[in-house]
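In each ligand, atom 1 is the first atom listed, and ligand 1 is the first ligand listed. Here the structure is a predicted model, which means the values were calculated and not measured.
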Amino acid sequence: MFETLSDRLTTVFTSLRGKGRLSEEDINTTAREIRLALLEADVALPVVRDFIAHVKERARGAEVSKALNPAQQFIKIVNEELVQILGGESRELSFSKTPPTVIMLAGLQGSGKTTLAGKLGKWLASERDTPLLVAADLQRPNAVTQLQVVGERAEIPVFAPEPGNGVGDPVEVARESVEQARRNNHNVVIIDTAGRLGVDEEMMQQAADIRDAVQPDEILFVVDAMIGQDAVNTAQSFLDGVGYDAVALTKLDGDARGGAALSIRHITGKPIMFASTGEKLEDFDAFHPDRMASRILD
Ligand code: GDP
C-alpha cells in the first residue's frame, strides 16, 4: 500500500538530514520534490496545490525547535497535512435511533461492493450488531448468488428475491428487506446495489430510486483505489447522480500510489469511512486518517 509514495517521500526527507536550519531554498526545494512525489502518486492537482501551499507556509513559520531537527520538523508538518487531506478525524457510522439502520452501497461494477457488504456485515457482527445483507443488484445474473456466497462465508443472513419470480424490482427488494429486518430484529441492513462498468444514467437512476424508497441512514460510495484519478472522477459523478455520506475505499492492498485516497476527501468533501485491503473478509477496517498518514511516512 502506497509504497511508491512512501519511498519517494523518504528520499525527499533524507536530503534534509544534517541541516542545522532550513533556508528558504531548502523549503522551496523540498516542497518542489514533495509536489512531484504527489503528482507521481496521481494525487489530483488542486489537492497537490493546497497541500504544498500549506506545507510551505508552515515550514516557513516553524519555530526553531530543540526537540526536532529540521528534517523531523518537516516530516511532522507533512504528517499533519496528510492527516488533514485524508479527512482529519475518523468518521464513524451513524446508527438510526429507530432500527434498522439502513446502509446502502453504491459504486461501479467490480469496485468491490459485494465483497464489502460481507466484510462490513462481519465487522458489525463482531461488534454485536445483527446485520442483514440485501441483494438489490439484480442486473448481473450472478450478483445475487455472489452475495449469498459472501453472506455464507461471513455467516450473515442474506435477503434476496425469490428465485423464479423473474428479474424482480430492486426497489421493491430493498423496501421489503427493511420490513424483514424489522420483523427479524436485524438492527442493520446493508443493501448491495447494481453497478455498471462505467457511469451510466440508468444505474444512477436505479440507485436514486432505491435511495428514495428506503431513505438510508448512510449511503457509502464504494470505489476501487487502484483506478487512481478515475476514482475521483467517478466519485464526483456519483455525488451529483446519487449523493452519498461517505466513501469506502477498496483494493488499497494493490494501490502502490495512493492518489485516490489522498484526493477523494478534498475533491468530494466526503469522509473516507472504511478501507478494504484484500480479498479475505478480514481485510477490512474503519479508516483512520492518522494511521494512514503514519503508514505513508513510515
Ligand atoms: P462488485 O461488482 O462491486 O460487487 O465487486 P466485487 O465485490 O464482486 O469485487 C470485484 C473483485 O474485486 C472480486 O474479485 C473481489 O474479490 C475483488 N476485491 C474486492 N475487494 C478487494 C480488496 O480490497 N482487495 C483486493 N485485492 N481485491 C478485492
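Listed by chain and number, Leu108, Gln109, Gly110, Ser111, Gly112, Lys113, Thr114, Thr115, Lys119, Arg140, Gln146, Lys251, Asp253, Ser276, Thr277, Gly278, Glu279 each place a non-hydrogen atom less than 4.0 angstrom from ligand 1.
Using the six-membered ring where Trp is involved, Tyr244 and Phe221 have ring planes that are parallel, under 30° apart on the 30 and 60° scheme.
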N/O donor to acceptor pairs below 3.5 angstrom from side-chain atoms of residues 95-109, sequence neighbours left out:
residue, atom, partner, partner atom, Å
Ser96, OG, Thr98, N, 3.1
Ser96, OG, Thr98, O, 3.0
Ser96, OG, Thr98, OG1, 3.4
Thr101, OG1, Ser96, N, 2.7

Sequence neighbours excluded and cut-off under 3.5 Å, please list the side-chain donor-acceptor pairs for residues 290-298, or say none.
residue, atom, partner, partner atom, Å
Ser294, OG, Asp290, O, 3.0

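Residues forming a side-chain hydrogen bond (donor to acceptor under 3.5 Å, both in side chains) with Asp129 (at least two apart in sequence, or on another chain): Asn187.
Judged purely by distance below 3.5 Å, without hydrogens or angles, the side chains of Asp26 and Ser23 pair a donor atom with an acceptor atom. A donor and an acceptor atom, one from each side chain of Glu279 and Thr115, are nowhere located under 3.5 Å apart.
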